[in-house]
Amino acid sequence: MSTASQALKKHLEQGFTLFEMLLVIALIGILLLIADMGNIIRLTTTYYQARQEANNRKIAAALLQHARTNTTQGFLSNPYTGGGYYSTILDPSDTTLAQMFRSANLPPAELNSDGSSGANVRVYQTVTLTESIPLDFRSGPLTTITYQYGEVHLTACMLSNSCNRSPLPGASTALTAANYKTWTTTAPDLPPTLFSTREIQKQMLAATSERLAMIRDQAIARVNVRRLSADAADTTNWYPYSYATGAPTTPSPNMAGSDASVNQGCWDGWYQLNAANVNILPQLGLTAAQYGITAWGARIEYCRDYDPALRGANSLPHYAALRINMNVSQALPPNNTLQSDNLFITF
């Protein structure tokens, strides 16, 4: 047996020394600590990502609420570029939007970045889309709503780094109308939160449809009451006219006020129902402030002698009509020149 083998055999017979045991325990402790550090790093990363995704969802919800309650047309605020940021969330001068974020319990330091000392920047993008929808959703004349599709994501790009550049910081490509259906972020940017104002626009369309239906129903009810009390041979047009002055709001019925062939089918001129000198809606028990405009604030117009067939002014049977601009989200008035831009409801 060699000298080395004899030494090892003797050592094993005598057992481990205290120092050797402590050394082994220390080595095991170091290995466990390394394993724990890996778990801690993974847990920290998971918590960080979860917090940022939660913030993105809160930001998206606040942007939608701001569009719903603080804007006339239900549109999102524009991305902000300034103060070293590109296409980010909050313009510091926009106090109304800032208050919306405070109400959502979003720390100001974690809006345009993650709030860390390095300030990983947050990106906000929108694209504008259009969709044709029937006025009553299932039927009726077509309207065109304009809505926005947006996204918020956090980049792995610090505010002071060269990756923070115009027009878009980080690794991801731009969101566009051509790619929005399949677009997502590129690593190491974190996953996006996607949202849309489409439902807001549909709610506003529903409110507009209800206003138009109420005006129509009240006008028909008024006409029917007067027909019941009239002679059977009475040919009077009982649809209401305005008692104010100024064409076409004459103090008495003037059925030849306009030429229907050049006035989109109306012989009596189109009354602007929200105008101060037009009292059509009060006769129907409705207010001009609520029923004289669409949910987007565009005026609703009314004709009491609607005759697109051009049978002649005040010809039987009598019809009335309402018109609005079919591009409802744009809050435009009816187009007097281009009839195809308008939506008509006949009754």
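Values below: every heavy atom of this structure, side chains too, minus hydrogens, waters and symmetry copies.
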Donor-acceptor pair, side chain of Thr143 and main chain of Ile133, under 3.5 angstrom: yes
Side chain to side chain contact (heavy atoms under 4.5 Å, CB included) filter on Ser229, not counting sequence neighbours, yields none
Ring pair (Phe, Tyr, Trp, His ring centres under 6.0 Å) filter on Tyr239, not counting sequence neighbours, yields Phe347
Applied to residues 261-347, the disulfide bond (SG atoms under 2.5 Å apart) test, sequence neighbours excluded, yields Cys266-Cys303
TODO: Determine whether Leu190 and Thr185 make a side-chain contact, defined as any pair of heavy atoms from C-beta on separated by less than 4.5 Å.
DONE: no
Residue pairs passing the disulfide bond (SG atoms under 2.5 Å apart) test with at least one member in residues 61-147, sequence neighbours excluded, are none
Ignoring hydrogens and geometry beyond distance, is a side-chain donor-acceptor pair present between Arg68 and Gln65 at under 3.5 Å? yes
request  = Indicate whether any N or O donor in one side chain lies under 3.5 Å from an N or O acceptor in the other, for Gln148 and Thr126.
outcome  = no
Using a 4.5 Å side-chain heavy-atom cut-off and chaining through intermediate ILVMFWY residues, the residues clustered with Tyr85 come out as Val121, Leu159
Ignoring hydrogens and angles, state whether a donor on the side chain of Gln52 or Arg122 is under 3.5 Å from an acceptor on the partner side chain. yes
Exercise. Are a donor atom and an acceptor atom from the side chains of Asn120 and Thr155 found within less than 3.5 Å of each other?
Worked result: no
Residue set satisfying side chain to side chain donor-acceptor pair (under 3.5 Å) with Arg211, at least two apart, ordered chain then number -> none
- Do Arg323 and Trp270 meet the cation-pi criteria used here (NZ or CZ under 6.0 Å from the six-membered ring centre, within 45° of the axis)? yes
- prompt: Any side-chain donor-acceptor pair under 3.5 Å between Asp136 and Ser139?
  reply: no
Looking only at side-chain N and O atoms, does Tyr124 offer a donor or acceptor that is under 3.5 Å from a partner on Asn112? no
Arg57 meets the side chain to side chain donor-acceptor pair (under 3.5 Å) criterion, sequence neighbours left out, with none
Rounding to 0.5 Å, atoms CD1 (Ile145) and CH2 (Trp296) come to a distance of 7.5 Å
Hits for ring pair (Phe, Tyr, Trp, His ring centres under 6.0 Å) against Tyr319, two or more places apart or cross-chain, chain-then-number order -> none
Sorted by chain and number, sequence neighbours left out, side chain to side chain contact (heavy atoms under 4.5 Å, CB included) with Asn327 holds for Thr144, Asn325, Gln330, Asp341
So disulfide bond (SG atoms under 2.5 Å apart) across residues 119-174, not counting sequence neighbours, yields Cys157-Cys163
Would Thr294 and Val328 satisfy side chain to side chain contact (heavy atoms under 4.5 Å, CB included), going step by step from the backbone distance to the final call? CA-CA 8 Å; Thr294 68; Val328 288; 5.7 Å; no
Exercise. Are side-chain N/O atoms of Gln264 and Gln339 paired as donor and acceptor at under 3.5 Å?
Worked result: no
Salt bridge present between Arg51 and Glu53 (N-O < 4.0 angstrom): no
Have Asn279 and Ser242 got a donor and an acceptor in their side chains that come within less than 3.5 Å?
yes
The side chain to side chain donor-acceptor pair (under 3.5 Å) partners of Arg227 (sequence neighbours excluded) come to none
Applied to residues 306-347, the disulfide bond (SG atoms under 2.5 Å apart) test, sequence neighbours excluded, yields none
